[in-house]
There are 2 protein chains.
Amino acid sequence: MKEKEVDNEKLVQVVASALELFMNYGVKSLTMADVASKLGISKKTLYQFVKDKKDLVNKGMLFCLEEEQQVLGQVTADSENAIDELIGFTRFVNSRLKDLHASVIFDIQKYHPECWSMIESHKKDFVRNSILLNTKRGIEEGLYRKNLNPEIVTSLYMLMMDGMFNSDQNFGKGIRLEDLHLEMIRYHVRGIANDKGILQLKNLLNKDENNHLKLD
Amino acid sequence: MKEKEVDNEKLVQVVASALELFMNYGVKSLTMADVASKLGISKKTLYQFVKDKKDLVNKGMLFCLEEEQQVLGQVTADSENAIDELIGFTRFVNSRLKDLHASVIFDIQKYHPECWSMIESHKKDFVRNSILLNTKRGIEEGLYRKNLNPEIVTSLYMLMMDGMFNSDQNFGKGIRLEDLHLEMIRYHVRGIANDKGILQLKNLLNKDENNHLKLD
DNA sequence: AATGTAGGAAACATTTTTAGTTTCGGAAAC
DNA sequence: GTTTCCGAAACTAAAAATGTTTCCTACATT
């Protein structure tokens, strides 16, 4: 492997690990000294990979979002039908939300607006498009109600997604993002699927890998 | 009500609300300007109640811990037996953990050592004593195994409590404090209760107010 | 109607913290 | 033996937040 590729691989490793730390501990509370220490390198070495803290957060988030696009693309490719695809999306996104607290979202919104913009763009483009295509696919496969308007349904879905990240309504009520997410998906799939789709859903939820999703 | 009492009531209201905000958003990310804004008062007014940010955090925590002692004292007074008391403790503490993320604990440990010391003292004194007395009570009531050593059992419990707040082991695994807490209590009660105690536990868990605790 | 009081908004000064950079020493590679 | 590179620690600079002060407005009191 060429030296340039080694450097890039190391960069990816550093920024990916750093973002995970930020997601766990919060961006504001975690200094660059903390990050370097937990990654087992010096600050000097860390600054060989990134220009500044903002750069680190942004690069980490970029990697994270690209990974999500890659993984969800694979879910789509592997899925047998629209319901299967939706459950696959849910499994991945929910596992990510398990480790995310609303305070970290607040942190990013407040101190890292550029990073937040990346998340917003990801939602507006990739997520929206995925749901739109999934809705159309479900209608074509006879699993979703035929009288759905995919554009409108997708907009309703995005409204709920935006609401999930509105921290002020999520605090102080013991509501966890992962549970909120599952509640929304249950609401969504019940709102779009027909009887055949619901049956398909139940079949999929019986699989071990989906048991914990509690979408029934 | 005398003016002095009004001031004190207002102080309590301010510091209690402020601590709740800190627990939700994280102490580091929430500036004094943020706190004042969310409390609907000015920074100038806020500084009439507290000397500085450290003072606000400490006073808020003090109030929180005193409230816990008062509530748990009432649980003890109202409880019919040791199992009833333990479940009552669990219900209250768990509801508090629902809104607490490990990143906030990390925040306090790192930037507010004095506040953290208060929590540590609370655990070392009040919590330890409560569990010690509960253990003795259970033995006396014939619900716990007679061959328990209350001092040792209490120390084992405190070890688990300390482990729960060790953020490094809790991150990145999708483990929530409230679930970890319930798992620990289940482990604890199974470790100390005899058959009669377990039966008592099952009876109590059938009550609506305890259904969600998932200790069976 | 005039005066006093109190709080909010905003500006200001200071301090602290963190970011980001540089230096020195040691270990490893050549 | 020399060179390179990284870690640890020290250093510098900048930014952010804390904490204080000023001015204005609204309300209460006389």
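Note on naming: letters A, B, ... go to the chains in the order of the sequence lines (proteins, then strands), and numbering restarts at 1 for each one.
Taking atom CG on B:D34 and atom P on D:dT18, their separation rounds to 8 Å, with Å as the unit. Atoms CG (B:L46) and P (D:dT20) sit 11 Å apart, rounded to a whole Å. Remark: P of D:dC6 and CG of A:L39 are 15 Å apart, rounded to the nearest angstrom. Going from atom CE of A:M32 over to atom C1' of D:dA8 covers 17 Å, rounded to whole Å. What separates CG of A:D107 from P of D:dA16 is a distance of 14 Å, to the nearest Å. Here the P atom of nucleotide D:dT18 and the CG atom of B:L56 are 10 Å apart, to the nearest Å. Here the P atom of nucleotide C:dA19 and the OH atom of A:Y111 are 13 Å apart, to the nearest Å. For A:K44 and D:dA10, the NZ to P distance is 16 Å, given to the nearest whole Å.
At a threshold of 4.0 angstrom between heavy atoms, the contacts of A:K28 are confined to the sugar-phosphate backbone, with no base atom among them. Among the atoms of the strands shown, only primed sugar atoms or phosphate atoms (P, OP1, OP2) are found under 4.0 Å from some heavy atom of B:K53.
Residue A:Q48 places at least one side-chain N or O closer than 4.0 Å to OP1 or OP2 of D:dC6. Regarding contacts with the backbone of C:dT17, every side-chain N or O of A:T31 stays at 4.0 angstrom or more from both OP1 and OP2.
Contact annotation: the side chain of B:L56 approaches that of B:F22 to within less than 4.5 Å [non-hydrogen atoms, C-beta and beyond].
Checked by distance alone, B:K43 brings no side-chain donor or acceptor within 3.5 Å of a matching partner on the base of C:dG8.
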